[in-house]
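A short write-up of the structure that comes next.
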4 protein chains.
Amino acid sequence: MTKKQDNILSAALELFANEGFNATSTNQIAKKAGVSEGLIFKHFKNKKGLLDALVRQVEGKLGEAFSPVIFETEPNEIIKNTIEIPFKMPDADYNFWRLQFKLKWEVEYHHPEKMKPIKDKLTSAFAELNYDSPEMEAGLLQHLIESISVNILREGKESQIAYKDFLLEKYKL
Amino acid sequence: MTKKQDNILSAALELFANEGFNATSTNQIAKKAGVSEGLIFKHFKNKKGLLDALVRQVEGKLGEAFSPVIFETEPNEIIKNTIEIPFKMPDADYNFWRLQFKLKWEVEYHHPEKMKPIKDKLTSAFAELNYDSPEMEAGLLQHLIESISVNILREGKESQIAYKDFLLEKYKL
Amino acid sequence: MTKKQDNILSAALELFANEGFNATSTNQIAKKAGVSEGLIFKHFKNKKGLLDALVRQVEGKLGEAFSPVIFETEPNEIIKNTIEIPFKMPDADYNFWRLQFKLKWEVEYHHPEKMKPIKDKLTSAFAELNYDSPEMEAGLLQHLIESISVNILREGKESQIAYKDFLLEKYKL
Amino acid sequence: MTKKQDNILSAALELFANEGFNATSTNQIAKKAGVSEGLIFKHFKNKKGLLDALVRQVEGKLGEAFSPVIFETEPNEIIKNTIEIPFKMPDADYNFWRLQFKLKWEVEYHHPEKMKPIKDKLTSAFAELNYDSPEMEAGLLQHLIESISVNILREGKESQIAYKDFLLEKYKL
DNA sequence: TATGAATGAGTATTCATTCAT
DNA sequence: GATGAATGAATACTCATTCAT
């Protein structure tokens, strides 16, 4: 991965995440990255290939963000760590997350199973804690953190911070 | 409003809602509407004007959907009706809702205050029912119905129907 | 000639004279004239027909302007009246003249013979006054008044007024 | 400056000079230049940019044509060289001149000060030769050569050649 | 690896014009 | 006489992509 390749990826991330994939031209990316337009195609074959490369990076970030839940075993900690996910999102990663959420609305990139491991973890956590409908509880919490994440990306962490304590208390954590 | 004007709006709604605003060409709209491309511009000035016309329609639908909450006075009914909003969305209106949610990601069309009346209604309902933090409770429920709505639009009503009863029970309705 | 027909002609004159024939759209004309676009075509068949109608009017103005020369018999008066033509152009007729000069550059409307009667009159005037080369003298004076006219249309009468007296003196009038 | 860039400029010059700026489409230019339409915009940004590039070339030609006047010091030679300007215009440069005169009628390109150096030179020449009103004389001669130039461009050099000797004699050169 | 020239298909939009009312 | 809906062809311009260097 050369310096210029990296420039291209950063430029594309910022533009795709904020303007959208279709609304961004390869010309804009090249200019922002300070490279020739041709180079984008040398490295990433086509515009879609550039998006694919970014999506792979996004998946890495998702893994990082989810790991405190995935590798936890204590049920209360699983729930607590899930609630904390959106609030621990590093500011520098906002564009990765924005891209991830934006792509949910572009058919070919919507993979609902990405959240599956979290859901499963939560389900077994709620089961272990003897909740009546562990799967429903897991789904509900997942809905909540998705919606909170979306709102953080749009309006900043402070706008949602109150929900963190409120939820921790609700789940008696 | 002539027949052809209406055709244009329907075609544009379907395409904007499913493919996205930028990904849809005026040529596609004209073809789907069975009119000449020029007519779009005679009636709506430009592509953006066409979107604006649709957004005005979307706002009408939003009003309709929210009215069972807005005009209700009994607190339990307010909460119940809020939970039911996404499940009462007529199938024929899906594209209006899809457009509404998609536009949230396009800066100039994101108006968070659209949901404000619902939030206020919920807050006073929870207050009347003596919940400890009525505003937080209102926010949480609002997050939930937003996330459920999004998922219904992507995967259909059945995928989320279980949450309706689960929530009604949770709030003892 | 109805009121609306007249509005169309005035609007077209102003636009053609100032923006140019090609740079003016029938839509602009209709708007400025306060009529529907269709009406232009009812009355004038097409955009070219509208120009033709104006050109006919222009020719009338030209006749008016030239008549003090054409119907004069005294040679010194002929020369004097020729020199005065551009300075007697009524301000209200500027657009007619502007159109006339602009059209010189659009091939199909350039009719050099329009100035012929003036040239002939001048030639015989200079002959009668025993100038050595009456035709050359006539041509030269014609060149001068053309150039002066053009400059008046572009920069106003005051910018050229000094030439009037200078020329009158030169020709001892 | 690549070969194709040059082709575009030549094609545009011929078309702009003869058909006019507005009457010429970028498609026509591309075809005549034997390039893709897109290339015009890569090199010149937009149609106006192409015109600007030509105008810069025109200014060069103007400089060339004026230099025998500007760099002359002997007053009679200054006048003689001025009279000869339109007759020395190389046939190959006609389109540059045609464009120059045509643009005088398009507001944003009319720069009357372009002729100022010639006028000044003539004024001092006539002053040195003790004419009564050197500035008026200069203005008159300038008017004449402008009008003669315009007529040469429209009807060819031969149509005006007689004026050259007539003027040289008039000014006793 | 990197550039910049070049393209062909496509984009939103405008145009002069027709026609039913 | 007058309108406004409607069109098909054209317009200036952009796009993702290729290729010679």
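In this text, all values refer to a predicted model and were calculated from it rather than measured experimentally. Every heavy atom of this structure was used, including side-chain atoms; hydrogens, water molecules and symmetry mates were not. The chains referred to below are lettered A, B, ... by the order of the sequence lines, with proteins before strands, and numbering in each begins at 1.
Separating the CD atom of D:Gln5 from the C1' atom of E:dG4 is a distance of 11 Å, rounded to the nearest angstrom. At whole-Å resolution of the value, CG in D:Asn22 and P in E:dT14 are 15 Å apart. Straight-line distance from the NZ atom of D:Lys4 to the C1' atom of E:dA6: 7 Å, rounded to whole Å. Nucleotide F:dG1 holds its C1' atom 14 Å from the CG atom of C:Asn7, rounded to whole Å. Between the CZ atom of C:Phe44 and the P atom of F:dG1 there is a distance of 11 Å, rounded to whole Å. Atom CG of C:Leu15 and atom P of E:dA16 are 11 Å apart (whole Å). What separates CG of A:Leu39 from P of F:dT17 is a distance of 15 Å, to the nearest Å. Atom CD in A:Glu19 sits roughly 12 Å away from atom P in F:dC15 (whole-Å rounding).
Under the salt bridge (Lys or Arg N to Asp or Glu O under 4.0 Å) criterion, no residue pair touches residues 15-29 of chain A, with sequence neighbours excluded. Residue pairs meeting the ring-ring contact (aromatic ring centres under 6.0 Å, His included) criterion with at least one member in residues 25-49 of chain A, sequence neighbours excluded, do not occur.
Residues from residues 24-32 of chain D placing a heavy atom under 4.0 Å of any atom in DNA chain F, listed by number, are D:Thr24, D:Ser25, D:Thr26. Contacts between residues 46-56 of chain D and DNA chain F, defined by a heavy-atom separation under 4.0 Å, are made by D:Asn46, D:Lys47.
The nucleotide whose nearest atom lies closest to any side-chain atom of D:Thr2 is, among F:dA2, E:dA6, E:dA2, E:dA6. Closest contact between the side chain of A:His43 and the listed nucleotides F:dA5, E:dT1, E:dT7 involves E:dT1. Counting only heavy atoms from C-beta on, B:Ser36 has its side chain closest to F:dA6 among F:dA6, E:dT3, F:dT3. For C:Val35, taking side-chain heavy atoms from C-beta onward, the closest of the listed nucleotides F:dT3, F:dT7, E:dT7 is F:dT3.
Atom CD of A:Glu59 sits about 13.0 Å away from atom CD of A:Glu64, to the nearest 0.5 Å.
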Based on Watson-Crick and G-U pairs with both distances under 3.5 Å, what dot-bracket line describes DNA chain F 5' to 3', crossing pairs as [ ] and inter-strand pairs as |? .||||||||||||||||||||
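Remark: A:Asn27 pairs with A:Lys31 by the side-chain hydrogen bond (donor to acceptor under 3.5 Å, both in side chains) rule, at least two apart or across chains. By the side-chain contact (heavy atoms from CB on, under 4.5 Å) test, A:Asp93 is found to be paired with A:Lys61, A:Pro90, A:Phe96, A:Trp97, residues two or more places apart in sequence or in another chain being considered. In this structure, A:Lys45 has no side-chain contact (heavy atoms from CB on, under 4.5 Å) partners at least two apart in sequence or on a different chain. Contacts of D:Ser36 classified as side-chain contact (heavy atoms from CB on, under 4.5 Å), with partners at least two apart in sequence or in another chain: D:Leu39. Partners of B:Gln100 under the side-chain contact (heavy atoms from CB on, under 4.5 Å) rule, at least two apart in sequence or in another chain, are B:Val58, B:Leu62, B:Lys104, B:Lys114.
Of the residues near DNA chain E, B:Phe21 and D:Ile40, the one whose nearest nucleotide (by heavy atom distance) lies more toward the 5' end is D:Ile40. Where B:Lys3 and D:Ala23 meet DNA chain F, the nucleotide closest to each residue was compared, and B:Lys3 sits on the side nearer the 5' end.
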Going through the checks in order, is the side chain to side chain contact (heavy atoms under 4.5 Å, CB included) test met by C:Val150 and D:Trp105? CA-CA 10 Å; C:Val150 166; D:Trp105 291 102; 3.9 Å; yes
Where do C:Leu51 and C:Leu103 land on the side chain to side chain contact (heavy atoms under 4.5 Å, CB included) test, with the steps shown first? CA-CA 10 Å; C:Leu51 180 56; C:Leu103 290 180; 4.2 Å; yes
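A:Asn22 and B:Ala23 make their closest contact through ND2-CB, 3.4 Å (heavy atoms, listed as atom of the first residue, atom of the second, distance). Between D:Lys102 and D:Asn18 the shortest heavy-atom distance is NZ-O, 3.0 Å.
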Enumerate, atom names and distances included, each donor-acceptor pair closer than 3.5 Å involving a side-chain atom of residues 3-16 of chain B, sequence neighbours excluded.
unit_1	atom_1	unit_2	atom_2	d
B:Ser10	OG	B:Asp6	O	3.0
B:Glu14	OE2	B:Lys32	NZ	3.1

Give me the distances for all protein-to-nucleotides 18-21 of chain F N/O pairs that come in under 3.5 Å?
none

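Checked by atom type and distance alone, the side chain of B:Lys47 pairs as donor or acceptor with a backbone atom of B:Phe21 at under 3.5 Å.
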